[in-house]
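Down below is the structure, laid out as C-alpha coordinates.
So that the names make sense, note that chain A is the first sequence line, chain B the second, and so on, each numbered from 1.
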Number of protein chains: 2
Amino acid sequence: MPVKTEKIAQASRCLKALAHPTRLSILCLLKEGEHNVQQIETAIGTTQSNISTHLGVLRDKEILITRKEANQVFYRVRDPRMFELLVILQEIYCKD
Amino acid sequence: MPVKTEKIAQASRCLKALAHPTRLSILCLLKEGEHNVQQIETAIGTTQSNISTHLGVLRDKEILITRKEANQVFYRVRDPRMFELLVILQEIYCKD
DNA sequence: TTTAAATATTAATATATCAGTATATTTTGA
DNA sequence: TCAAAATATACTGATATATTAATATTTAAA
(Lines give C-alpha, C1' and ligand atoms only; values in the text may rest on other atoms or scores of the structure.)
Protein backbone atom coordinates (compact mmCIF):
# COMPACT_ATOMS: atom_id res chain seq x y z
CA MET A 1 0.00 0.00 0.00
CA PRO A 2 1.21 3.54 -0.67
CA VAL A 3 2.66 5.59 2.16
CA LYS A 4 0.25 8.20 3.56
CA THR A 5 0.53 11.66 2.09
CA GLU A 6 0.90 13.31 5.48
CA LYS A 7 3.75 11.03 6.51
CA ILE A 8 5.50 11.71 3.24
CA ALA A 9 5.07 15.43 3.78
CA GLN A 10 6.44 15.21 7.29
CA ALA A 11 9.47 13.17 6.24
CA SER A 12 10.01 15.57 3.36
CA ARG A 13 10.05 18.55 5.70
CA CYS A 14 12.57 16.82 7.93
CA LEU A 15 14.85 15.97 5.01
CA LYS A 16 14.59 19.50 3.68
CA ALA A 17 15.76 20.78 7.05
CA LEU A 18 18.71 18.40 7.00
CA ALA A 19 19.61 19.06 3.39
CA HIS A 20 21.69 22.17 3.83
CA PRO A 21 25.47 22.03 4.17
CA THR A 22 25.55 24.34 7.18
CA ARG A 23 22.80 22.47 8.97
CA LEU A 24 24.35 19.11 8.17
CA SER A 25 27.64 20.36 9.59
CA ILE A 26 25.83 21.41 12.75
CA LEU A 27 24.36 17.93 13.07
CA CYS A 28 27.79 16.35 12.65
CA LEU A 29 29.20 18.63 15.31
CA LEU A 30 26.42 17.79 17.75
CA LYS A 31 27.30 14.14 17.40
CA GLU A 32 29.95 14.96 19.98
CA GLY A 33 27.32 16.23 22.41
CA GLU A 34 25.60 19.50 23.10
CA HIS A 35 27.19 22.81 22.15
CA ASN A 36 26.20 26.38 22.72
CA VAL A 37 25.68 28.81 19.87
CA GLN A 38 29.12 30.37 20.18
CA GLN A 39 30.82 27.00 19.99
CA ILE A 40 28.78 26.08 16.94
CA GLU A 41 29.50 29.43 15.36
CA THR A 42 33.23 28.99 15.88
CA ALA A 43 33.30 25.40 14.69
CA ILE A 44 31.24 26.02 11.55
CA GLY A 45 32.75 29.37 10.79
CA THR A 46 29.99 31.72 9.77
CA THR A 47 28.15 34.69 11.25
CA GLN A 48 26.06 34.68 14.41
CA SER A 49 22.97 35.60 12.49
CA ASN A 50 23.40 32.90 9.91
CA ILE A 51 24.01 30.16 12.48
CA SER A 52 21.06 31.31 14.53
CA THR A 53 18.81 31.21 11.48
CA HIS A 54 19.87 27.67 10.64
CA LEU A 55 19.53 26.56 14.26
CA GLY A 56 16.04 28.01 14.14
CA VAL A 57 15.16 25.79 11.19
CA LEU A 58 16.43 22.66 12.95
CA ARG A 59 14.62 23.67 16.13
CA ASP A 60 11.35 24.32 14.31
CA LYS A 61 11.46 20.86 12.76
CA GLU A 62 12.17 19.43 16.21
CA ILE A 63 15.46 17.97 15.09
CA LEU A 64 17.27 19.94 17.77
CA ILE A 65 16.23 20.88 21.27
CA THR A 66 17.64 23.59 23.49
CA ARG A 67 18.61 24.13 27.08
CA LYS A 68 19.17 27.60 28.41
CA GLU A 69 21.88 28.30 30.95
CA ALA A 70 22.28 31.92 31.99
CA ASN A 71 22.48 33.85 28.75
CA GLN A 72 23.74 30.96 26.69
CA VAL A 73 21.68 28.44 24.76
CA PHE A 74 22.85 24.88 24.36
CA TYR A 75 21.65 22.81 21.46
CA ARG A 76 21.52 19.04 21.11
CA VAL A 77 19.93 16.50 18.80
CA ARG A 78 16.54 15.39 20.06
CA ASP A 79 16.51 11.84 18.72
CA PRO A 80 19.80 9.90 18.60
CA ARG A 81 18.45 7.83 15.72
CA MET A 82 19.16 10.89 13.63
CA PHE A 83 22.80 9.93 13.84
CA GLU A 84 22.05 6.45 12.50
CA LEU A 85 20.50 8.18 9.54
CA LEU A 86 23.62 10.25 9.01
CA VAL A 87 25.83 7.16 9.30
CA ILE A 88 23.88 5.40 6.58
CA LEU A 89 24.07 8.48 4.42
CA GLN A 90 27.81 8.52 4.94
CA GLU A 91 28.09 4.83 4.11
CA ILE A 92 26.21 5.31 0.89
CA TYR A 93 27.87 8.52 -0.19
CA CYS A 94 31.32 8.56 1.28
CA LYS A 95 32.91 5.30 0.30
CA ASP A 96 36.35 6.90 0.19
CA MET B 1 37.61 16.14 13.68
CA PRO B 2 35.11 17.95 11.51
CA VAL B 3 33.54 16.21 8.54
CA LYS B 4 35.13 17.22 5.23
CA THR B 5 33.41 19.97 3.32
CA GLU B 6 33.13 17.92 0.16
CA LYS B 7 31.49 15.01 1.98
CA ILE B 8 29.05 17.39 3.58
CA ALA B 9 28.26 18.88 0.18
CA GLN B 10 27.70 15.46 -1.33
CA ALA B 11 25.44 14.31 1.50
CA SER B 12 23.59 17.60 1.29
CA ARG B 13 22.94 17.13 -2.43
CA CYS B 14 21.63 13.63 -1.78
CA LEU B 15 19.29 14.81 0.98
CA LYS B 16 18.06 17.66 -1.17
CA ALA B 17 17.18 15.17 -3.86
CA LEU B 18 15.27 13.05 -1.36
CA ALA B 19 13.53 15.98 0.26
CA HIS B 20 10.60 16.36 -2.09
CA PRO B 21 7.25 14.66 -1.49
CA THR B 22 6.98 13.33 -5.03
CA ARG B 23 10.50 11.96 -5.03
CA LEU B 24 10.05 10.44 -1.60
CA SER B 25 6.89 8.77 -2.84
CA ILE B 26 8.80 7.37 -5.80
CA LEU B 27 11.40 5.92 -3.44
CA CYS B 28 8.70 4.30 -1.34
CA LEU B 29 7.16 2.80 -4.44
CA LEU B 30 10.48 1.41 -5.63
CA LYS B 31 10.83 -0.39 -2.33
CA GLU B 32 8.63 -2.99 -4.01
CA GLY B 33 11.13 -3.39 -6.85
CA GLU B 34 11.74 -1.75 -10.19
CA HIS B 35 8.99 0.06 -12.06
CA ASN B 36 8.85 1.70 -15.43
CA VAL B 37 7.93 5.34 -15.87
CA GLN B 38 4.32 4.66 -16.72
CA GLN B 39 3.83 2.56 -13.63
CA ILE B 40 5.40 5.25 -11.49
CA GLU B 41 3.29 7.90 -13.16
CA THR B 42 0.11 5.95 -12.48
CA ALA B 43 1.02 5.13 -8.90
CA ILE B 44 2.05 8.65 -7.95
CA GLY B 45 -0.62 10.38 -9.96
CA THR B 46 0.91 13.33 -11.74
CA THR B 47 1.92 14.26 -15.26
CA GLN B 48 4.46 12.44 -17.41
CA SER B 49 6.66 15.48 -17.57
CA ASN B 50 6.63 16.10 -13.86
CA ILE B 51 7.48 12.50 -13.01
CA SER B 52 10.22 12.46 -15.61
CA THR B 53 11.74 15.60 -14.14
CA HIS B 54 11.76 14.14 -10.63
CA LEU B 55 13.17 10.85 -11.87
CA GLY B 56 15.88 12.88 -13.56
CA VAL B 57 16.84 14.48 -10.27
CA LEU B 58 17.08 11.12 -8.53
CA ARG B 59 19.04 9.70 -11.46
CA ASP B 60 21.48 12.61 -11.53
CA LYS B 61 22.23 12.14 -7.85
CA GLU B 62 22.73 8.42 -8.52
CA ILE B 63 19.98 7.48 -6.13
CA LEU B 64 18.18 5.64 -8.93
CA ILE B 65 19.56 3.67 -11.83
CA THR B 66 17.79 2.73 -15.04
CA ARG B 67 17.46 -0.20 -17.36
CA LYS B 68 16.08 0.25 -20.83
CA GLU B 69 13.88 -2.41 -22.38
CA ALA B 70 12.55 -1.61 -25.84
CA ASN B 71 11.08 1.86 -25.53
CA GLN B 72 10.42 1.63 -21.83
CA VAL B 73 12.74 2.68 -19.02
CA PHE B 74 12.76 0.84 -15.71
CA TYR B 75 13.96 2.57 -12.58
CA ARG B 76 15.26 1.04 -9.39
CA VAL B 77 17.10 2.18 -6.28
CA ARG B 78 20.85 1.83 -6.67
CA ASP B 79 21.78 1.20 -3.06
CA PRO B 80 19.36 -0.77 -0.84
CA ARG B 81 20.77 0.99 2.21
CA MET B 82 18.69 3.93 1.04
CA PHE B 83 15.68 2.04 2.35
CA GLU B 84 17.28 1.70 5.77
CA LEU B 85 17.59 5.46 5.78
CA LEU B 86 13.91 5.82 4.97
CA VAL B 87 12.97 3.34 7.70
CA ILE B 88 14.88 5.36 10.29
CA LEU B 89 13.25 8.53 9.04
CA GLN B 90 9.88 6.87 9.42
CA GLU B 91 10.72 5.66 12.91
CA ILE B 92 11.71 9.14 13.99
CA TYR B 93 8.90 11.00 12.31
CA CYS B 94 5.95 8.68 12.08
CA LYS B 95 5.40 7.37 15.57
CA ASP B 96 1.64 7.20 15.05
C1' DT C 1 20.29 51.15 36.08
C1' DT C 2 23.44 51.10 32.49
C1' DT C 3 26.46 48.40 29.63
C1' DA C 4 28.04 44.43 27.36
C1' DA C 5 27.55 39.69 25.87
C1' DA C 6 24.81 36.01 23.84
C1' DT C 7 21.18 34.86 21.05
C1' DA C 8 17.00 35.62 18.22
C1' DT C 9 14.25 37.97 14.92
C1' DT C 10 13.17 40.85 11.03
C1' DA C 11 13.54 42.78 6.52
C1' DA C 12 15.67 43.08 2.00
C1' DT C 13 17.65 41.07 -1.72
C1' DA C 14 19.55 37.21 -4.19
C1' DT C 15 19.22 32.53 -5.56
C1' DA C 16 17.13 28.04 -6.12
C1' DT C 17 13.38 25.05 -6.99
C1' DC C 18 8.82 23.83 -8.71
C1' DA C 19 4.74 22.92 -11.80
C1' DG C 20 3.11 23.30 -16.16
C1' DT C 21 3.37 23.62 -21.06
C1' DA C 22 5.53 22.73 -25.14
C1' DT C 23 8.82 20.34 -27.75
C1' DA C 24 12.42 16.79 -28.66
C1' DT C 25 14.15 12.03 -28.87
C1' DT C 26 13.92 7.15 -29.28
C1' DT C 27 11.74 3.01 -30.50
C1' DT C 28 8.31 0.16 -32.50
C1' DG C 29 5.14 -1.29 -35.80
C1' DA C 30 2.18 -0.30 -39.88
C1' DT D 1 9.28 5.83 -44.47
C1' DC D 2 5.56 7.49 -41.30
C1' DA D 3 2.86 7.61 -37.18
C1' DA D 4 2.31 6.64 -32.50
C1' DA D 5 3.95 5.41 -27.89
C1' DA D 6 7.25 6.11 -24.14
C1' DT D 7 10.34 9.06 -22.15
C1' DA D 8 13.29 13.24 -21.73
C1' DT D 9 14.38 18.06 -22.04
C1' DA D 10 13.79 23.23 -22.33
C1' DC D 11 11.45 27.21 -21.01
C1' DT D 12 8.69 30.29 -18.08
C1' DG D 13 6.49 32.36 -14.28
C1' DA D 14 5.52 31.47 -9.45
C1' DT D 15 7.01 30.20 -4.95
C1' DA D 16 10.37 28.97 -1.53
C1' DT D 17 14.77 29.37 0.58
C1' DA D 18 19.31 31.55 1.60
C1' DT D 19 22.39 35.34 2.93
C1' DT D 20 23.32 39.52 4.95
C1' DA D 21 22.73 43.48 7.75
C1' DA D 22 20.24 45.67 11.16
C1' DT D 23 17.66 45.51 15.24
C1' DA D 24 15.51 43.29 19.32
C1' DT D 25 15.61 40.46 23.50
C1' DT D 26 17.54 38.39 27.51
C1' DT D 27 20.84 37.96 31.07
C1' DA D 28 24.66 39.12 33.98
C1' DA D 29 27.80 42.08 35.95
C1' DA D 30 29.63 46.65 36.96
* Side-chain donor/acceptor of S12(B) to backbone N/O of I8(B), under 3.5 Å -> no
* Inter- and intrachain pairs under salt bridge (Lys or Arg N to Asp or Glu O under 4.0 Å), touching residues 52-67 of chain B, at least two apart -> E34(B)-R67(B), R67(B)-E69(B)
* Asked: Base, sugar-phosphate alone, or nothing: which one does F74(A) contact when heavy atoms must sit under 4.0 Å apart?
  -> nothing
* Please report, rounded to the nearest Å, how far the P atom of dA6(C) is from the CD atom of Q38(A). => 4 Å
I'd like a table of donor-acceptor pairs (distance under 3.5 Å, sequence neighbours excluded) in which one partner is a side-chain atom from residues 40-49 of chain B, with atom names and distances.
| unit_1 | atom_1 | unit_2 | atom_2 | d |
| --- | --- | --- | --- | --- |
| T42(B) | OG1 | Q38(B) | O | 2.9 |
| T46(B) | OG1 | N50(B) | OD1 | 3.4 |
| T47(B) | OG1 | N50(B) | N | 3.1 |

* What closest approach, in Å, do V37(A) and Y75(A) show between heavy atoms, and which atom pair accounts for it? -> CG2-CE1, 3.7 Å
* To do: Would you check if the side chain of H35(A) reaches a backbone N or O of G33(A) as a donor-acceptor pair within less than 3.5 Å?
  => yes
* Asked: Of all heavy-atom pairs between M82(B) and L27(B), which one has the smallest distance, and what is that distance?
  -> CG-CD1, 3.9 Å
* Structure fact -> Between V37(B) and T47(A), the residue closer to the 5' end of DNA chain D by nearest nucleotide is V37(B)
* **Heavy-atom donor-acceptor pair, R23(A) side chain to A17(A) backbone, under 3.5 Å** => yes
* Structure fact -> B/S/- along nucleotides 13-18 of chain C (protein heavy atoms under 4.0 Å) is ----SS
* Walking along DNA chain D from 5' to 3', note the first and the last nucleotide with an atom under 4.0 Å from a heavy atom of chain A, and give both. => dT17(D) to dA28(D)
* Spacing of CG belonging to N36(A) relative to CD belonging to Q72(A), to within rounding of 0.5 Å -> 4.5 Å
* **Sequence-distant partners of R13(B), salt bridge (charged side-chain N to carboxylate O under 4.0 Å, His left out), two or more places apart** => E6(B)
* **Derivation and outcome, side chain to side chain contact (heavy atoms under 4.5 Å, CB included), residues V3(A) and L29(B)** => CA-CA 8 Å; V3(A) 180; L29(B) 178 64; over 6 Å; no
Just the atom pairs and distances: protein N or O near nucleotides 22-30 of chain C's N or O, under 3.5 Å.
| unit_1 | atom_1 | unit_2 | atom_2 | d |
| --- | --- | --- | --- | --- |
| dT26(C) | O3' | K68(B) | NZ | 3.4 |

